[in-house]
Amino acid sequence: MNSKKWVRDTGWRHIVGVLVLIVTLFPIVFVISSALNPNGTLTGSNALFSKIGLDSFERILTNPQVPFLAWFGNTLLISGITAILTVFLGALAAYAFSRMRFAGRRVGLISIVIVQMFPQLLAVVAIFLLLSAIGDWFPAIGLNSRIGLILVYLGGALGVNTYLMYGFFNTIPQSIDEAARIDGAGHARVFFTIVLPLVTPILAVVALLSFISSVNEYVVASVILIDTDVQTLAVGLTKLVSNPRYADWSAFSAGAIIAALPVVVLFLFLQKYIVGGLTAGAVK
């Protein structure tokens with residue numbers, strides 16, 4: 001009777017959790033098996049880990065026609081700068097919306113949410129034409145430039161992240177700001193020395209989400225970055241499987257595993273802030 005009661009009250013949750021875990025881990029196991037398959041195709045990967053070798057990792061790291069290290073460096077550079085600037089600019093905007101009262105404040109918040117309802121994919125043609133025109137005058141931020149891609153990412157990420165941080169900023173009592181102003185602190189000192197340390201969880205969440213989205217983004221990066229040496233991993237690795245005659249899925253899987261390592265490391269580093277930042281920012 002005790003075992004039946006446990007299954008009815010709690011045990012079924014464990015069963016569902018195990019099933020979800022199996023479904024979640026299977027694609028990861030399949031990718032690892034494909035990366036260790038020396039044949040370079042997915043045909044022999046149906047039997048998991050039937051063949052094990054590091055040939056695919058060696059191919060992708062030493063093939064002169066595949067500048068994987070350049071792609072990896074570009075991805076870290078673009079994603080890292082985008083995450084840092086998104087956090088900084090979003091925090092400035094969220095602080096202004098949360099602490100200051102000005103005309104158009106409510107309309108601005110609503111506009112941010114409405115604009116974010118439309119995916120950035122719809123603006124690919126406009127982005128291409130805009131950067132093409134800008135590149136005629138300022139090549140450093142036009143097409144085929146990493147700075148131009150960073151600016152595009154910033155424009156697409158600030159809206160939803162600003163609204164998310166705005167909710168978290170509202171949880172900080174304004175009496176703290178008022179006490180600091182009585183002591184002679186201005187908005188800049190209050191923001192950098194008092195408010196930012198208190199909102200560290202949401203800053204970590206926004207940085208992680210921005211970094212992950214920049215690493216995985218393909219459509220906009222493939223349109224803006226033309227030369228092979230300035231492309232990101234999402235664009236470069238696609239070339240390995242775009243040939244209809246021979247698609248090197250093993251090298252592609254190996255590159256995907258290496259590309260996931262920075263995301264995993266950053267996630268483990270920031271995991272203690274993630275739950276608190278997401279819940280507080282979403283509810284308040």
Side-chain angles (χ1 to χ4, degrees), residues 17-83 121 146 149-150 153 204-205 207-271 274:
V18 171
L19 293 177
V20 172
L21 182 63
I22 293 174
V23 174
T24 304
L25 291 180
F26 180 75
I28 300 175
V29 174
F30 191 85
V31 169
I32 296 175
S33 175
S34 176
L36 296 177
N37 183 9
N39 293 334
T41 63
L42 291 179
T43 305
S45 299
N46 293 331
L48 296 178
F49 303 103
S50 58
K51 296 181 181 179
I52 297 178
L54 300 177
D55 297 353
S56 57
F57 290 91
E58 182 180 357
R59 274 199 316 275
I60 199 171
L61 293 175
T62 59
N63 189 353
Q65 297 180 353
V66 181
F68 178 81
L69 295 180
W71 297 340
F72 190 77
N74 294 332
T75 301
L76 292 181
L77 178 66
I78 294 172
S79 302
I81 295 177
T82 300
L121 178 62
R146 287 165 287 195
L149 181 61
I150 291 173
Y153 284 164
V205 170
L208 179 63
L209 295 179
S210 177
F211 186 85
I212 293 175
S213 62
S214 300
V215 170
N216 296 333
E217 203 282 321
Y218 169 77
V219 176
V220 177
S222 64
V223 172
I224 296 178
L225 302 179
I226 301 172
D227 293 343
T228 303
D229 57 338
V230 298
Q231 292 176 339
T232 59
L233 279 172
V235 180
L237 289 177
T238 307
K239 296 180 178 180
L240 299 178
V241 294
S242 60
N243 188 349
R245 297 183 178 179
Y246 174 70
D248 195 349
W249 287 103
S250 292
F252 178 86
S253 301
I257 292 175
I258 298 176
L261 294 180
V263 176
V264 174
V265 172
L266 184 62
F267 179 84
L268 294 176
F269 180 73
L270 300 176
Q271 64 176 344
I274 292 175

Phe211 and Leu76: side chain to side chain contact (heavy atoms under 4.5 Å, CB included), yes or no, with the steps? CA-CA 9 Å; Phe211 186 85; Leu76 292 181; 4.1 Å; yes
Is there a side chain to side chain contact (heavy atoms under 4.5 Å, CB included) between Leu36 and Leu54? Walk through the geometry before answering. CA-CA 6 Å; Leu36 296 177; Leu54 300 177; 4.0 Å; yes
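Between the CD1 atom of Ile212 and the CG atom of Leu266 there is a distance of 7.5 Å, given to the nearest 0.5 Å. The line from CZ of Arg59 to CG of Leu240 is 9.5 Å long, rounded to the nearest 0.5 Å. Taking CZ of Phe57 as the reference point, atom CD1 of Ile257 lies at 4.5 Å (rounded to 0.5 Å). Here Leu233 contributes atom CG and Thr75 contributes atom OG1; the two are 3.5 Å apart, rounded to the nearest 0.5 Å.
Residues Thr238 and Phe252 approach most closely at N-CE1, 4.3 Å, considering heavy atoms. Nearest heavy-atom pair across Val215 and Ser79 is CG2-OG, 3.3 Å. The shortest non-hydrogen separation linking Phe72 to Pro262 is CZ-CG, 3.6 Å. When all heavy atoms of Asn216 and Ala234 are compared, the pair lying nearest together is O-CB, 4.2 Å. Nearest heavy atoms, Arg146 versus Ile78: CG-CD1, 3.7 Å. Between Ser214 and Thr82, the closest heavy-atom pair is OG-CG2, 3.6 Å.
The aromatic ring centres of Trp71 and Phe68 sit 6.0 Å or more apart.
A 4.5 Å side-chain heavy-atom check between Leu237 and Ile60 finds at least one atom pair inside the cut-off.
Under the 3.5 Å distance criterion, with hydrogens and angles disregarded, a donor-acceptor pair is assigned to the side chains of Ser34 and Ser253.
With Val66 as the partner, the side chain to side chain contact (heavy atoms under 4.5 Å, CB included) test is satisfied by one option alone out of Asn63, Leu69, Thr62: Asn63.
Side chain of Ser33 to main chain of Phe30: no donor-acceptor pair is present (N/O by atom type, distance under 3.5 Å, no hydrogens or angles).
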